Every structure is written in C-alpha cells, then in structure tokens.
Amino acid sequence: MARLFITGGHGMVGRNLRAHPGIAAWQVLAPARTELDLCDADALRDWLARHRPDAVVHAAGVVGGIQANLAEPMRYLIENARIGLNLIAACREARIPVLINLSSSCVYPRDLHCGLAEEQILTGPLEPSNEGYALAKIMAMRLVDHACREDRGLQWRTLVPCNLYGPFDKFDPGQSHLLPAIIHKIHRARVEGHETVEIWGDGTARREFMHAGDLAEAILRALAGPSSVPAVMNIGPGVDHAIDDYYRIAAGVIGWQGRFVHDLGKPVGMRRKLLSVARQTEWGWAPQTGLREGIAATYAWYLEHQP
Ligand SMILES: NC(=O)C1=CN([C@@H]2O[C@H](COP(=O)(O)OP(=O)(O)OC[C@H]3O[C@@H](n4cnc5c(N)ncnc54)[C@H](OP(=O)(O)O)[C@@H]3O)[C@@H](O)[C@H]2O)C=CC1
Ligand SMILES: C[C@H]1O[C@H](OP(=O)(O)OP(=O)(O)OC[C@H]2O[C@@H](n3cnc4c(=O)[nH]c(N)nc43)[C@H](O)[C@@H]2O)[C@@H](O)[C@@H](O)C1=O
C-alpha cells in the first residue's frame, strides 16, 4: 500500500482527512509535532529518508482566527515560513512524487471581494490582519511552483481552501475562527441563560465556509489523480453569507433564542473574500455538506469533546 505523509495530521484538517473513509487506500504516516517538529530541517530530512513516503499532504501550520493573527503576526509569519520552506525543500531533495500543499483564501489581495480567481494572487496588497500568515502561505505556493518547474517529474499541487470548520476545530475564543467561536458563544449563552451574544463588527462582512470533511474528500480525489488538478486550485462552495447570518443559523441549530449585539471595536478584516470555483467546477467536484448539516455535526462533536 502506498505511504501518505500527512503534516499537521493532528490538526483539524489532518484529523478530518484521517477520519475520511477514502483514507483506507493509503498507509498513513502522521507524526505529531512532539515526534517531528517541522521547524527542525535536519530532523525532517532524516525522517523522510527513513520513511520514504509516496505522497505528502501538507496541512501543518500555525493557524488561528483574526484575533490570533493580530496578536502574534511575527509568529504566524516566521513559523509558517519555516515550516513551508523546510517541508518543501526536504520533499524536493527526497523527490517525493506527489505533494498536495494547502494554502488559504487569505493569500488574495485585500481589495478584491468576490470571484477571487487563482491568477489574481500576488496582484495587490494583502489584508493587514493576516498579512504575515498570508506571506508565508504565498511563499510555500511559489516554492511548489518553482520545484515543479525545476523537476518535471513532480506532481505537486496547491489547493486554496476558503474558511473551514468542523470536528476537531479550536473553540477557544482567543484562537478560533468565526464558526467555532459562534458555536462556543451560543452554547455558553444557552447553558448559562444569557439573553445576548456579542458579534464582532457590524455583522455585514461576508465569509465563505466549508466543512473540513469536504476538504478531506477533495484532497483524497486530488491524491488519486494529481495530473487532473490545476497547479493552483481554489476549493470551496462558491457561496458566502453575512456574519449575522452565520450567527442566526447556528442559533437555530443550537436552540438558543436570545438577542445579538454588535461590538464595533472588534477586528473585522476583509469585508468579503469569495473564491471563484471555476477551476474546481471544471475539475468536476463540489462540496456536498450543507451549512446547517455541517454546523449540527460540528456542534454534536463539540458537545461530546469540549469540557
Ligand atoms: N482552518 C481554516 O479555516 C483554514 C485552514 N487552512 C489551511 O489548512 C491547513 C490546516 O489547518 P487546520 O487544520 O485548520 O489547523 P490546525 O491548527 O487545526 O492544525 C495545524 C497542525 O499543524 C501542526 N503544527 C504546527 N506547527 C508545527 C510544527 N512546527 N511541526 C509539526 N507540526 C506543526 C499543529 O500541531 P499542534 O497541534 O502541536 O500545534 C496542528 O496539528 C493549514 O495549512 C491552514 O493554513 C486554509 C484555509 C482555512
Ligand atoms: C481562513 C482565514 O481566517 C482568518 O481570517 P478571517 O476570515 O478574518 O477570520 P475569522 O474566522 O476569525 O473571522 C471572520 C469574520 O468573523 C467575524 N467575527 C464575528 N464574531 C467573531 C468571533 O466571535 N470570533 C471570530 N474569530 N470572528 C468573529 C470577524 O470580525 C471577521 O470579520 C485568517 O486570519 C486566517 O486564519 C485564514 O486563513
């Protein structure tokens, strides 16, 4: 059976990938950070020489919501740049034939709002709230591209997912992205009997969210036939919603009937970042998990696993 090295295999995307039934086609190698620190280039080179994977999914990184990015921009830039550089250089040296690199919709210029198309990356200034993280993600994408130009035998691709949520997500308010933050806040309001929940910003900014199980399916499809995947491809539902709508939908799923208040002092970031899914559609794939269904499944996981 072919060996698949998943970096970040203990994070949200990695755990959803490992939980997908399609992963059974692979022998999975998913060392935790305590076993293999990707900031340690020598350790990574040795590990690859010992384990000789046939394919790599690069899903490791320092990842967090807007507040976490604003709190530690240097860490988001430095650690993500180190991880990306080390991983891609080591895989190039080891001539790993297949690699799926995960980028993020934050790599798009801040002044573009919808129909974000892959060729628009690096055409304008970045959103300041996550500039460090985005620079590191862009560097990794460019390294993947350069490696493929230098070695035509490599089938390396970059997928650019929209915002993600799902089981195994981080729900801590200081770290979390929007959807896990909403689930945590509304659940606490329900069990503690609060009448209001606070929304950051005025609620009119928009985001595109996809269930991490759908991304897992796309990754497995890409691994099964990398030659059919464009060098860089957005991954998402191609539909966005206002921040207020996400709160309303989650309140319905969780069964809380209080009021929302807006805190205009909190960071908002991009007003909108809706990906073009033209390449994904051409590839013949679309995510299947509906938003309510995905939030309900994530809430069920939260109830089972959160203290
Ligand atoms: N979540 C989202 O909304 C989105 C995520 N992405 C991308 O998807 C990928 C996965 O994100 P996600 O699963 O959400 O993030 P998580 O934070 O859940 O997982 C990241 C994983 O990377 C590991 N990691 C971090 N630093 C190192 C290191 N130095 N050595 C080894 N492992 C390390 C973490 O380990 P530890 O647990 O020990 O910290 C963690 O297991 C990332 O590339 C991210 O940029 C793209 C778009 C949206
Ligand atoms: C995927 C992408 O995600 C990050 O960017 P982001 O989309 O701005 O991140 P976010 O999910 O934290 O916020 C989305 C929106 O939601 C609003 N919002 C309301 N109320 C809460 C709230 O309670 N928590 C949070 N976090 N946001 C809230 C918030 O004001 C913002 O307008 C990147 O840093 C980077 O990690 C990256 O790649």
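For the numbers below, each heavy atom of this structure counts, side chains included, while hydrogens, waters and symmetry mates do not. Order of listing sets the numbers, starting from 1, for every ligand and every atom in it. No experiment lies behind these values; they were computed from the predicted model shown.
Each of K137, M233, E118 was checked for a side chain to side chain contact (heavy atoms under 4.5 Å, CB included) with S103, and the lone residue meeting it is K137.
With hydrogens and angles left out, the side-chain atoms of D244 and H262 include a donor and acceptor closer than 3.5 Å. Between the side chains of Y165 and H177, not a single donor N or O lies within less than 3.5 Å of an accepting N or O. For the residue pair W285 and E217, a side-chain donor N or O sits within less than 3.5 Å of a side-chain acceptor on the partner.
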Quick one: do T158 and N101 satisfy side-chain hydrogen bond (donor to acceptor under 3.5 Å, both in side chains)? Show the steps, please. CA-CA 5 Å; T158 291; N101 172 50; 3.1 Å; yes
List, pair by pair, the atoms of ligand 1 and of the protein that are both N or O and lie under 3.5 Å apart, giving the separation rounded to 0.1 Å.
from	atom 1	to	atom 2	distance (Å)
ligand 1	3 (O)	L164	N	2.9
ligand 1	13 (O)	M12	N	3.1
ligand 1	13 (O)	V13	N	2.8
ligand 1	17 (O)	K170	NZ	2.4
ligand 1	18 (O)	M12	N	2.8
ligand 1	22 (O)	G61	N	3.1
ligand 1	22 (O)	G61	O	3.4
ligand 1	26 (N)	R33	NH2	3.4
ligand 1	29 (N)	D37	OD1	2.9
ligand 1	30 (N)	L38	N	2.9
ligand 1	38 (O)	R33	NE	3.1
ligand 1	39 (O)	R33	NH2	2.7
ligand 1	41 (O)	G11	N	3.1
ligand 1	43 (O)	K137	NZ	2.7
ligand 1	45 (O)	Y133	OH	2.4
ligand 1	45 (O)	K137	NZ	2.9

For ligand 2, list all ligand N or O to protein N or O distances below 3.5 Å, rounded to 0.1 Å.
from	atom 1	to	atom 2	distance (Å)
ligand 2	3 (O)	H177	NE2	3.4
ligand 2	5 (O)	K273	NZ	3.4
ligand 2	7 (O)	N163	ND2	2.9
ligand 2	7 (O)	R207	NE	2.7
ligand 2	7 (O)	K273	NZ	3.2
ligand 2	8 (O)	R207	NH2	2.9
ligand 2	11 (O)	L178	N	2.8
ligand 2	12 (O)	I66	N	2.8
ligand 2	20 (N)	W200	N	3.3
ligand 2	20 (N)	Y247	OH	2.7
ligand 2	23 (O)	K185	NZ	2.7
ligand 2	23 (O)	Y247	OH	3.4
ligand 2	26 (N)	S176	O	3.0
ligand 2	30 (O)	P267	O	2.6
ligand 2	32 (O)	V268	O	2.6
ligand 2	34 (O)	N69	ND2	2.9
ligand 2	34 (O)	N130	ND2	3.4
ligand 2	36 (O)	G64	O	2.6
ligand 2	36 (O)	H177	NE2	3.0
ligand 2	38 (O)	S104	OG	2.6

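Here the side chains of Q67 and K266 are in contact, with some heavy-atom distance below 4.5 Å.
In terms of modelled atom types and a separation under 3.5 Å, the side chain of N16 and the main chain of P167 share a donor-acceptor contact. The closest donor-acceptor contact from the side chain of R45 to the backbone of A89 lies at 3.5 Å or more, if one exists at all.
Ring orientation note: the planes of Y302 and H187 are nearly perpendicular, at an angle over 60° on the 30°/60° scale.
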